[in-house]
Amino acid sequence: MSVYIRAPLFVLFFGASTVFGATYHNAEHIAGAGFYSSFNFEAIADPTHGRVNYTDQNTAISTNLTFSSDNTFVLRADHQSVVPAGSAGRNSVRIASKNAYTTHVALFDIAHMPQGCGTWPAVWETNEVLWPAGGEVDILEGINDQGTNQATLHTSPGCTMPASRPMTGTPGQLDCNTAVNGNTGCPVVFTPPTSYGPTFNANGGGWYAIERTNNFISVWFWSRNDPTVPADVRAGGSTVDTDNWGTPAGYWPSTSTCDLESHFAPNNIIINLTLCGDWAGAVYPASCPSTCMDYVDNNPAGFVDAYFQFNSINIYSLC
Ligand SMILES: *[C@@H]1O[C@H](CO)[C@@H](O)[C@H](O)[C@H]1NC(C)=O
Ligand SMILES: *[C@@H]1O[C@H](CO)[C@@H](O)[C@H](O)[C@H]1NC(C)=O
Ligand SMILES: CC(=O)N[C@H]1CO[C@H](CO)[C@@H](O)[C@@H]1O
């Protein structure tokens, strides 16, 4: 009897598997000074109310908040000054890609990510003009050196995820609607400690990747020394085949309860490092010194490790 029940499941499985994965071609290789031509600096008031002063490009370069060499791009919070009275906060950087993407793969080779009390770094994609109607995918995000990575979709109303999905991470709230529970979104918490913060850095960082299609959004993470890193991810070369990347850490399918195409416009890649604010400030842990704002204002040395170091970002498209 069970044989007859299993047969159609296999058909379903192979039928469904055709929507996973494809071969993509390199459309943009961003490394070193290429970050300056591919990204705009956003000297804006932090929408998440962080204790930061996002600087323009000239200030960032002249104060070494961003730094490039042939194969490195560093983006950091200031670690030298006490925050002056009346300032919006500690100087930091937020950059947004000039190009926007629909169906694509973005592969982030990251050697170091910001760590320390009060830090709230993020690598994400959104449409800043249409938010939330244009959608948001947080690829790499966390706070205060706490826990593992959390990848999250944020959408307009009418996008709910199934509880059971083919992914290695653990789902949180299933409703992606920004209006529910203070913009919690529909997060997936990653399993490996190497996916975030001090443990990510101690292991040489690694690779984050997103594949976005009208049928699904997937996010993967591989630590630097993970023996299962796909060869095309390690190479960051001319093509990638996501069919060979294994089960993603986070997976958000388009279904009858969430039509991804109608909830996502072309999105830009954004990289920002805020301090305290709506999330990191709200749950500032007792294991960190003082209050979040006081710590940020008066302890520049606490931000020595509050930096991203990118080896490259590669963007792949289908044609
Ligand atoms: C804040 O950033 C702007 C550049 O965007 C810069 O001119 C200004 O000096 C910064 N504020 C402080 C207190 O450093
Ligand atoms: C600027 O930052 C880079 C990367 O962190 C560092 O290697 C370099 O020594 C810094 N330069 C100065 C003048 O501090
Ligand atoms: C690190 C950081 O600043 N993260 C935030 C950047 O801003 C967007 C909204 O504007 C937040 O969603 C990110 O979490």
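Both ligands and their constituent atoms are indexed starting at 1 by order of listing. Counting from 1, the numbers follow the sequence of the chain as shown.
- For atom 6 (C) of ligand 2, the candidate residues are V304, I61, L75, N64; the nearest heavy-atom contact is made by N64.
- Close approach of ligand 1 to A43 is summarised as follows: ligand atoms under 4.0 Å from at least one heavy atom of the residue are 5 (O).
- Protein heavy atom closest to atom 5 (O) of ligand 1, with residue, atom name and distance, is D56 N, 3.0 Å.
- Here CH2 of W120 is found 8.0 Å from CD1 of I143. Values are rounded to the nearest 0.5 Å.
- The backbone and the side chain of T55 each have at least one atom closer than 4.0 Å to an atom of ligand 1 (non-hydrogen atoms only).
- For an aromatic pair to be called close, the ring centres must be under 6.0 Å apart, and F303 with Y295 satisfies this.
- Of the protein's non-hydrogen atoms, P84 CG, 3.7 Å is the one closest to atom 13 (C) of ligand 1.
- By the 4.0 Å N-to-carboxylate-O rule, R51 lies close enough to D297 to be salt-bridged with it.
- Atom 14 (O) of ligand 1 has as its closest protein heavy atom N91 ND2, 3.1 Å.
- E42 and K98 are not joined by a salt bridge, as no carboxylate oxygen comes within less than 4.0 angstrom of a charged side-chain nitrogen.
- Looking at N268 and E128, their side chains never bring a donor and an acceptor atom within 3.5 Å of each other.
- Residue, atom and distance of the protein heavy atom nearest to atom 2 (O) of ligand 1 are N53 ND2, 2.5 Å.
- The shortest N/O to N/O separation between R76 and ligand 2 does not fall below 3.5 Å.
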